[in-house]
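Right, one structure below, let's go through it.
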Amino acid sequence: MKVRIAKNKQEFAEFAFEEMIDVIKNKPDAILGLATGSTPICLYEKMIEDHKANRTTYKDIHSFNLDEYVGLDISNDQSYVYFMNDNLFKGIDIDKNNTNFLNGMAKDVDKECARYSKLLSENEIDIQLLGIGSNGHIAFNEPGTSFDSKAHKVDLQESTIKDNSRFFESIATTPTQALTMGLSEIMKAKKVLLMANGKNKADAIYGLVKGQMTENLPASILQNHPNCVVVVDEEAGSKL
Ligand code: GLP
């Protein structure tokens, strides 16, 4: 595992961008695993900037997003489809038909997760971008999730609902369930790029890099990944 500690916001975005663009330049038809949350926004801004300045094209790129809330329509500005359109897709030339999401409005959730798992088994992700929850979750794989897990429905933990409530009117209106890619599927990506910033991520980053590998801290599974890069700011890396 390679850990890069950024001295400031600019370097944080640059380090992540370097890892991402390296894959895209070497493989213009790469499959990207994409993430939501506040952390990767600075990377998406750089990708848009680069697309405009250097004409990097995404016309042959495909993408798979990690997760989606249950019960939010894609027109809801907190749905992850909306987030991706707003923060990345509308600024680059990706073909929306080449972007894949779990459908949080699906009537038959098990069938929907099986559909996504089948697609993931047929498509090898070249780079999987990840954030991390303050409790060590990746995507929405909460502590206790099996390392063998595939796409599934999750009951979100109190701490995650609380963390995410900052994007909603109140805790009461924050979704309590989500669909997520599983840990075994994340591990199949050729390269993993995990980004984390801020003090509230320091314990999770310590556990991921130096702690014991345990299902109680889902991100620790990445200790077993052959090509994982962790980009942190000084606060998130403060316990390393
Ligand atoms: C949610 C997402 C995760 C993300 C996490 C951290 O739980 N499902 O994929 O990593 O939030 O979000 P943030 O980057 O806003 O701290």
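Computation of the quantities below employed the complete heavy-atom set of this structure, encompassing side-chain atoms and omitting hydrogens, waters and symmetry-equivalent molecules. In each ligand, atom 1 is the first atom listed, and ligand 1 is the first ligand listed.
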Please list, in number order, the atoms of ligand 1 under 4.0 Å from a heavy atom of Gly131.
10 (O)

For Lys150, salt bridge (charged side-chain N to carboxylate O under 4.0 Å, His left out) partners two or more places apart
none

Please write down residue, atom name and distance for the protein heavy atom closest to atom 4 (C) of ligand 1.
Thr36 O, 4.2 Å

For atom 16 (O) of ligand 1, what is the nearest protein heavy atom, given as residue, atom name and distance?
Lys201 NZ, 2.6 Å

Ligand 1 atoms nearer than 4.0 angstrom to some heavy atom of Thr39 are 13 (P), 14 (O), 16 (O)

State, yes or no, whether a side-chain contact exists between Phe89 and Thr99 at a heavy-atom distance under 4.5 Å.
yes

Side chain to side chain contact (heavy atoms under 4.5 Å, CB included) with Leu120: of Ile31, Ile125, Asn100, only one passes, and it is Ile125

Quick one: does Glu68's side chain get under 4.5 Å of Asn103's, heavy atoms only?
no

Hey, is Ala35 touching ligand 1 through its side chain, its backbone, both or neither, going by heavy atoms under 4.0 Å?
neither

Can you check whether Asp50 reaches Ile21 side chain to side chain, under 4.5 Å on heavy atoms?
yes

Within-shell test, His137 vs ligand 1, heavy atom, strictly < 4.0 Å
yes

For atom 8 (N) of ligand 1, what's the nearest protein heavy atom and its distance?
Asp67 OD2, 2.8 Å

In terms of atom number and element, which parts of ligand 1 are under 4.0 angstrom from non-hydrogen atoms of Tyr80?
1 (C), 2 (C), 8 (N)

Looking at atom 3 (C) of ligand 1, what's its closest protein heavy atom, distance included?
Ala139 O, 3.6 Å

Side chain, backbone, both or neither: the part of Arg166 lying under 4.0 Å from ligand 1 by heavy atom
side chain

Ligand 1 contact on Ile132 by region, counting heavy-atom pairs under 4.0 Å:
backbone

If the condition is ring-ring contact (aromatic ring centres under 6.0 Å, His included), which residues does Phe140 pass it with, not counting sequence neighbours?
Tyr69, His137

Could you check if a side-chain atom of Ile48 sits within less than 4.5 angstrom of a side-chain atom of Leu88, using non-hydrogen atoms only?
yes

To the nearest 0.1 Å, how far is atom 12 (O) of ligand 1 from its closest protein heavy atom, and which atom is that?
Gly37 CA, 3.9 Å

Should Asn65 and Thr36 count as side-chain neighbours, where that means a heavy-atom distance under 4.5 Å?
yes

